[in-house]
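The structure appears below as structure tokens.
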There are 2 protein chains.
Amino acid sequence: MTEAPTGAAASRASIVDVAQRAGVSVATVSRALRDMPNVSKATRDRVLRAAQELQYAASPLASGLVTGRVRSVGVVLPYAGRWFFAEVIRGIEEALRDHGYDLVLHVVSDAQRRADFFESLPVRRRVDAILVVALPLEDHERDILRGLGLPLAAVAEPIKGLHGEFVDNDATARLAVQHLVNLGHTRIASIGGDLHGPERFSVPGLRTGGFRAAMAEAGLTVRPEWEVDGRFTAAGGELAMTALLSQKGGRPTGVFCQSDEMAFGALKALRRSGLRVPEDVSLVGVDDHELSDVFDVTTIAQPVVAQGAAAARWVVSRLERTADPDAPDDEVCLHPVRLVLRGSTGPAPTEH
Amino acid sequence: MTEAPTGAAASRASIVDVAQRAGVSVATVSRALRDMPNVSKATRDRVLRAAQELQYAASPLASGLVTGRVRSVGVVLPYAGRWFFAEVIRGIEEALRDHGYDLVLHVVSDAQRRADFFESLPVRRRVDAILVVALPLEDHERDILRGLGLPLAAVAEPIKGLHGEFVDNDATARLAVQHLVNLGHTRIASIGGDLHGPERFSVPGLRTGGFRAAMAEAGLTVRPEWEVDGRFTAAGGELAMTALLSQKGGRPTGVFCQSDEMAFGALKALRRSGLRVPEDVSLVGVDDHELSDVFDVTTIAQPVVAQGAAAARWVVSRLERTADPDAPDDEVCLHPVRLVLRGSTGPAPTEH
DNA sequence: CTGTTAGCGCCTTCAC
DNA sequence: GTGAAGGCGCTAACAG
């Protein structure tokens, strides 16, 4: 029964206790523990030992109160359960932890929570910086965040005026289309996201733009009815593919799915229709989802964990002033994408 | 250009400013804002309006320093990218947010990080409670956490002496096996996790135990070589299924996959071998993963989000003293599982 | 190199 | 019903 008391006492030992035990003043303890200059080696050792024995750790509350820093970073995102977000969070957490920062999660999964977040600003005074993941902010929302006076960075969705870490969505789409074109496909469709809805994600627009540009460059025409909304979910992809197959005027032989999860759904719709992949229809996804390998889906891989980690490192460098304080804070960093060849794409079927 | 200054000023208004503006003392402001008794209606309204006008919000640091509460809960887990964990986190975050608590994430993805976590205890004084998700703690690790004197709860993996939220893993396995038995299967294999490794997860052991018990009850024999390790990943499931198929002595007609992700892998292995599901081999998974519907995998569904949310609510009720303070803190709460019938299971093939 | 002292912003007795 | 004052635990001048 000594564990609990010891531990409990430990978390309650204050800087005064350490000072007494080491026979120095609290100021010296504070300096010694933070590796500041002007502390003799002997004193420092004594303090360190005392702190060790008392299991002392400075209260972040107290030090935060005076320094204004709390060593934690807020992460705001619209969903938490989806693969993409989980991976981004993983990258952010690891990078922050490496620098001794905590990650505080804020999921604004619907309009209500989103409004609450920007009105009550639960991050106020609780974080040193904010990362906005895949959430296209309204101008006024961005301004509210800016009013906090903290380093801000965007991941996956660009936010005007903020530092950002993304992939080149235009190039991503082009890579996918060019791959299909190279295989001889000419009848190519795109399964993307909502282009006009209230959420205003820019990713579907950018990828669809790249799709159109690449088609034009290849001298191919885009059928408007072959640009369908798959809502970036597997279920949505299945519906979208089903819709494509039910259209008159023949079906596409190649489909650019703007996310792997939509490709999974499309795969199911094709199988159910008795069509073979890739003999009848080829599918390219985007992401390199962990299950894409299992389901043999050709994809444009993007470094998801790395984007999160890079954003985390950027705000940390701002906070630690290791970065030039006068450096622009609205530069974006583009991460590379690459084609991962798997079994869902093949030569276009010969026409009859 | 009034936005930013306003915002910046807003986050800096202190209780003194509110007191001045309302023409009362800080003590009254404090009382009024926290709905305490002994404040006249008129005064309270005046204070509320002043606070509103100044966009005042109490600094959690300062109030935490005096009350000892920081309104945040730490979540410790071994992986962050996997579906299961992402869902649990989602449930926890939502429940915590409903009560005004922040979620601070701690991923201990390897032995090093795990050791660091328990040695430096970065949660010390930074959270009011800790949730341990799917992480079987060593006794001494549990004792270290207990030493913090905070409410503790376990999710998905039982931890001796702690409150927990789980499913009945034994019943889960039985349900799966009974379903196969009901379909006439007698040659049943299990793809699970590591039973003897250093990680000591109890879930694979419990599910394998349930598998064996259900087999025995059905009068069926378990072939030792038909209990294989799929590492709880899709890739592992694929390897495991491949191994099952390459064994001499015939193949199983029914396979209990202890997670849906392993079932996905198994599905791929079967397809590649030219076997049909469910005509040749039936597959049951566990989880009801979001993609199980797309890939038509019969599964034993467990409420993942609900387990996380329940754990979060439990620690909050402890913190808010809405729960009996003398109530035992090591009771476990079992969540229901249910069979979700899909296309990966069917009648056992007739023997030749 | 080290100690003293004044807050950081808030809550909480204790008087009134 | 309200105000004054003393910390909570720590850091940051300022002295020495």
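Throughout, protein chains are lettered first and strands after them, A, B, ... in sequence-line order, and every chain is numbered starting at 1.
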Checklist entry - OP1 or OP2 of dT12(C) sitting under 4.0 Å from any side-chain N/O of R34(B)? => result yes
Next on the checklist: Rounding to an integer number of Å, can you tell me how far Q20(A) CD sits from dG9(D) P?
Outcome noted: 13 Å
Checklist entry - Where the side chain of V26(B) is concerned, which of dA5(D), dC8(D), dT11(D) is the nearest nucleotide? => result dA5(D)
Item to check | Length of the CD1-C1' vector between I15(A) and dA12(D), whole Å | outcome: 12 Å
Checklist entry - Hey, is the side chain of S14(A) poking within less than 4.0 Å of OP1 or OP2 on dC8(D), counting only N and O atoms? => result no
Item to check | Value in whole Å for how far the C1' atom of dT12(C) lies from CZ of R69(B) | outcome: 16 Å
Checklist entry - Closest to the V66(B) side chain: dC10(D), dT2(D), dC10(C)? => result dC10(C)
Next on the checklist: Between T28(B) and dG3(D), is there a contact of a side-chain N or O with OP1 or OP2 at under 4.0 Å?
Outcome noted: yes
Checklist outcome for this item: From OH of Y56(B) across to C1' of dC10(C) the rounded distance in Å is 7 Å
Item to check | Contact under 4.0 Å: S25(B) side-chain N or O vs dG3(D) OP1/OP2 | outcome: yes
Next on the checklist: Please check: side-chain N/O of R146(B) versus main-chain N/O of G161(B), any donor-acceptor pairing under 3.5 Å?
Outcome noted: yes
Checklist entry - Is the shortest side-chain N/O distance from T67(B) to OP1 or OP2 of dC8(D) below 4.0 Å? => result no
Checklist outcome for this item: D17(A) atom CG is separated from dC10(D) atom P, nearest whole Å, by 9 Å
Checklist entry - OP1 or OP2 of dT2(C) less than 4.0 angstrom from a side-chain nitrogen or oxygen of T43(A), does that happen here? => result yes
Next on the checklist: Could you tell me how far apart L65(B) (CG) and dT12(C) (C1') are, to the nearest whole angstrom?
Outcome noted: 13 Å
Checklist entry - Nearest to the side chain of A62(A) - dC10(C), dC10(D), dC1(C)? => result dC10(D)
Next on the checklist: Just the rounded figure in Å: distance from P of dC10(C) to CG of L61(A).
Outcome noted: 13 Å
Checklist entry - Salt bridge or not for R49(B) and D45(B), using N-O below 4.0 Å? => result no
Checklist outcome for this item: Per nearest nucleotide of DNA chain D, the residue lying toward the 5' end, S30(A) or V39(B), is V39(B)
Checklist entry - Quick one: N38(A) CG to dA13(D) C1', roughly how many Å, whole number? => result 13 Å
Checklist entry - With a 4.0 Å cut-off, would you call R90(B) and E94(B) a salt bridge? => result no
Next on the checklist: I'd like to know if the side chain of H163(A) and the backbone of E331(A) have a donor-acceptor N/O pair within less than 3.5 Å.
Outcome noted: yes
Checklist entry - Just checking A27(A): base, sugar-phosphate only, or nothing, at a heavy-atom cut-off of under 4.0 Å? => result base
Next on the checklist: Within the 4.0 Å heavy-atom criterion, would you say R31(A) contacts the bases, only the backbone, or no part of the nucleic acid?
Outcome noted: base
Checklist entry - Going from CG on L148(B) to CG on D128(B), what distance comes out if it is rounded to the nearest 0.5 angstrom? => result 11.0 Å
